[in-house]
Amino acid sequence: MEPEQGEEWTVDLAGYEGPIDLLLTLARDRKIDLTALSISALADQYLAFIAGAKTARLEVAAEYLVMAAWLAYLKSRLLLPRDVPAPDGRSATEMAEALAEQMRRLEAMQQAAKRLFALPRLGRDWLPRGVPEGLPVHKQADWTADFTSLLRAYGALMARRTPAPVLTVDPGLLTSVEDAMARLERLVGTLPAWGDLRSFLPKGLQPGIQSRSALAASFVASLEMAKAGHVRLRQDETYGPLYLSQRCDAGTAGPVAPEEPSDG
Amino acid sequence: MDDLLEAARLVEALLFAASEPMSEADIAKRLPPGIKASSVIERLRLDYAGRGVEPVQLGGKWHFRTAPDLGPALALTKREERRLTRAMEETLAIIAYQQPVTRPEIEAIRGVSVGSSTIDGLLDTGWIKPGPRKDVPGRPLTWLTTPAFLKAFGLASLNDLPGMDDLRAAGMLDTASLLNLDPAAPADSEGQIAAKDGSA
Amino acid sequence: MDDLLEAARLVEALLFAASEPMSEADIAKRLPPGIKASSVIERLRLDYAGRGVEPVQLGGKWHFRTAPDLGPALALTKREERRLTRAMEETLAIIAYQQPVTRPEIEAIRGVSVGSSTIDGLLDTGWIKPGPRKDVPGRPLTWLTTPAFLKAFGLASLNDLPGMDDLRAAGMLDTASLLNLDPAAPADSEGQIAAKDGSA
């Protein structure tokens with residue numbers, strides 16, 4: 001598919017941005033004025049160019065062919081002695097003027113593009129400040145406070161200062177370890193066999209702090225006495241009752257029943 | 001002490017140190033009462049005329065930049081720069097001058113369809129962005145330029161696009177008349193462009 | 001064309017745009033033959049003498065920096081809204097109600113020590129000021145509220161502060177509420193003073 005030699009001009013459509021661009025280029029090259037009157041001459045040039053391209057067996061995009069057909073039609077209309085309006089209502093002169101207007105418009109934008117791209121460009125022609133130091137910023141606080149919140153804070157502080165309920169305990173309610181030990185020393189010998197620790201507590205203890213204090217003191221006392229070898233301790237299960245007996249006792253009998261229910 | 005000189009010292013220091021260009025209002029805030037920001041900037045422009053750095057307006061804000069004629073000496077061209085195709089250049093110009101503009105409008109002006117690669121390529125530059133849809137049948141997307149576009153081309157604003165006033169005066173930016181223009185106006189502008197399309 | 005001026009333009013653009021300070025050798029590489037870097041730098045120093053920016057040497061390398069005398073003028077004050085911390089609120093309330101009051105007295109009431117940051121913060125609000133020293137061992141400073149305090153809280157005088165009865169009536173002096181301490185209240189970072197206050 002070699003293009004034929006000896007063409008009047010080099011036919012190559014690759015350089016054009018569509019038919020209007022081609023028309024513009026032809027008008028520029030042939031110095032054809034873009035008035036309605038000279039559109040006919042320009043159409044001739046265009047048709048010749050497309051014919052040349054076809055002869056050279058170049059692939060001509062459909063849009064160029066559409067324009068060629070349209071120009072041929074326009075040219076034939078322009079040649080008519082009387083300017084008969086086309087079916088769309090436009091006369092041939094109006095159609096030619098519309099084409100000329102579009103060419104002027106594209107030409108204007110092409111020139112604008114040229115001028116735009118001739119501007120000094122960032123990175124190509126100029127640079128901004130390389131490393132700006134930045135401007136120092138001083139922060140200034142605008143304090144806001146809510147009066148209600150302030151009063152609440154003060155109210156809470158003042159409320160906190162009113163005396164809080166304090167746990168006071170009458171010393172007479174408490175059993176000391178020494179007292180408990182003396183009592184255990186005295187009682188343990190009187191029992192025949194293993195006895196529940198709780199059964200050694202005095203009768204008539206008030207539930208609550210008094211009972212708990214007596215039990216705790218007796219427990220500590222029993223541990224002390226076991227350490228000293230005066231008694232033996234036994235617990236059959238975790239959290240189960242604690243039994244004690246005299247050291248010399250053989251442990252033949254089962255535990256005795258507690259003297260009173262324990263609140264522990 | 002010359003008040004204007006002192007103010008010029010302050011503003012040049014500001015513009016050198018600021019990490020972003022500053023508006024005249026930002027500058028005015030730092031100036032003593034009675035000194036007009038515009039006068040100080042004018043003074044600075046004179047002081048730096050012909051120097052290697054210069055105060056210029058960019059997107060409506062002032063900054064210092066190197067003088068464009070020094071580009072080659074600064075060896076800036078060494079930076080790899082992807083060349084835009086002609087289709088991309090023209091499409092960018094149409095978007096810049098006629099924004100907001102839809103793809104069909106761009107196609108009507110160029111007389112050729114705009115390939116996706118043209119839009120994609122421009123999106124890659126960061127110079128264009130989609131705008132609101134236009135309220136016409138099909139609700140096509142409009143296209144706008146970005147602040148990065150102004151920065152890249154060193155433009156104070158879109159009004160500073162070269163020849164903007166002349167083009168406007170000549171009615172070349174009036175998109176309303178566009179759709180009646182296309183002489184060859186085929187009903188379908190899509191799909192008729194073969195691979196020859198230079199925009200591809 | 002003045003060769004030295006042209007070289008100075010180039011060097012000022014280089015130093016302006018460089019990402020880091022440049023040594024004289026770095027600069028010399030960019031200069032045309034026959035132009036000495038030291039002469040160009042000297043020329044630049046003269047050109048910028050008394051300006052708002054100036055070429056200075058830092059660790060043997062050159063860069064532009066803003067004139068030191070302009071530092072304060074360049075600074076930007078940024079206002080930001082800040083709320084009183086719980087500690088500040090309590091301390092301010094105690095000062096308001098019990099002024100003149102010393103820091104140890106405030107600490108006794110709050111049951112926690114009062115950090116310097118709390119006092120500093122309150123001084124920054126402009127709502128408290130130091131009063132006369134109290135005539136007790138150590139002669140501690142007393143604290144008072146200022147007229148700005150009254151203004152900020154919309155009080156005509158200190159007498160307008162609600163009394164204890166008012167607080168109680170408003171449910172702000174409710175001991176029961178102590179058992180349900182606000183879980184959202186920030187933990188007091190100032191540290192509890194052990195044993196100072198049995199109710200703590």
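All figures in this text were calculated on a predicted structure; none of them were measured in a lab. Proteins come first, then strands; the chains are lettered A, B, ... in the order of their sequence lines, and each starts at number 1. Worth knowing before you read on, the calculation uses all heavy atoms, side chains too, and leaves out hydrogens, waters and symmetry mates.
Scanning all heavy atoms of the two residues, the minimum distance from B/R86 to A/G15 falls at NH1-O, 3.3 Å. Between A/R105 and B/L173, the closest heavy-atom pair is NH2-C, 3.7 Å. Residues A/P120 and B/P68 share a closest heavy-atom pair of CB-CB, 3.5 Å. Here the closest non-hydrogen pair linking B/S19 and A/P132 is CA-CG, 3.7 Å. Nearest heavy atom pair, residue B/T66 against residue A/D125, reads OG1-O, 4.3 Å.
In this structure, A/R129 places its CZ atom where more than 12 heavy-atom neighbours from other residues, nucleotides or ligands lie under 6.0 Å away. For A/F219, the CZ atom sits in a loose shell: 12 or fewer heavy atoms of surrounding residues, nucleotides or ligands are nearer than 6.0 Å. By the 6.0 Å contact criterion, CZ on B/R45 is open, its count of non-hydrogen atoms from other residues, nucleotides or ligands being 12 or less. Around atom CD of B/E42, more than 12 heavy atoms belonging to other residues, nucleotides or ligands sit under 6.0 Å away.
Heavy-atom pairs under 4.5 Å with chain B were tallied for A/A118, A/G18, A/P19, A/A113; the largest tally goes to A/A113. Your options are A/L71, A/D21, A/L65, and the one with the most heavy-atom pairs under 4.5 Å with chain B is A/D21. When the candidates B/A67, B/A93, B/A170, B/P21 are compared by the number of heavy-atom contacts under 4.5 Å with chain A, B/A93 comes out ahead.
Contact annotation for residues 30-41 of chain B against chain A (heavy-atom separation below 4.5 Å, listed by residue number): B/R30. Residues of residues 148-168 of chain B that come within less than 4.5 angstrom of chain A, heavy atom to heavy atom, are B/F149, B/K151, B/A152, B/F153, B/G154, B/L155, B/L161, B/P162, B/G163, B/L167 in numerical order.
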Evaluate the criterion side chain to side chain contact (heavy atoms under 4.5 Å, CB included) for residue pair B/V112 and A/Y16; output intermediate values, then yes/no. CA-CA 10 Å; B/V112 71; A/Y16 301 102; over 6 Å; no
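Considering A/E17, A/Q110, A/Q102 as possible partners of B/R110, the one that fulfils the side-chain hydrogen bond (donor to acceptor under 3.5 Å, both in side chains) test is A/E17.
Partners of A/D44 under the salt bridge (Lys or Arg N to Asp or Glu O under 4.0 Å) rule, at least two apart in sequence or in another chain, are A/K75. Under the salt bridge (Lys or Arg N to Asp or Glu O under 4.0 Å) criterion, A/D142 pairs with C/R79, sequence neighbours left out.
Atom CH2 of A/W126 sits about 14.5 Å away from atom CG of B/D69, to the nearest 0.5 Å. Separation of atoms CG (A/L106) and CD (B/E90) is listed at 5.5 Å; rounding is to 0.5 Å.
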